[in-house]
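The next block holds one structure in the form of structure tokens; read it before the comments.
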Amino acid sequence: MFKHDKNFNDMKTMTCKQLGGACDTAFHANSFDEMAEISKKHGMEMFQKGDKAHLESMNEMKELMKTPDTMKTWFETKRKEFEALPEDR
Ligand SMILES: [Zn+2]
């Protein structure tokens, strides 16, 4: 009867650390692109707060981004990790 909760079934969870960040904050998203957006926002927030651990992980990401191929490979690896995750319940 109440099937309207379908849309909430395909959420997946990844942590900041899993996405190249520095803390255990968990993000929930329907797609990897959404996940990447949320994680980026979180990173920017922490950056603005001057969080040292996040500053360091962001610098590492910047190094990655200098090489488009490396960045692409990293992104694809994370995307596969996301796809392989079980959905939240
Ligand atoms: Zn974090």
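For ligands, and for the atoms within them, numbers begin at 1 and follow the listed sequence.
Listed by chain and number, the residues in a side-chain hydrogen bond (donor to acceptor under 3.5 Å, both in side chains) with Ser31 amount to none (sequence neighbours excluded).
Salt-bridge formation is detected for the pair Glu76/Arg79: a Lys NZ or Arg NE/NH1/NH2 atom is positioned less than 4.0 Å from an Asp or Glu carboxylate oxygen.
Of the possible donor and acceptor atoms, one in the side chain of Gln18 sits under 3.5 Å from a partner among the backbone N and O of Thr15. In this structure, the side chain of Lys12 does not engage the main chain of Phe27 through any donor-acceptor pair within 3.5 Å.
Under 2.8 Å from the Zn ion (ligand 1), one finds the following protein N/O/S atoms: Cys16 SG, Cys23 SG, His42 NE2, His54 NE2.
Atom CH2 of Trp74 and atom CG of Leu19 lie 6.0 Å apart (nearest 0.5 Å). The structure places NE2 of His42 at 3.5 Å from NE2 of His54, a figure rounded to the nearest 0.5 Å.
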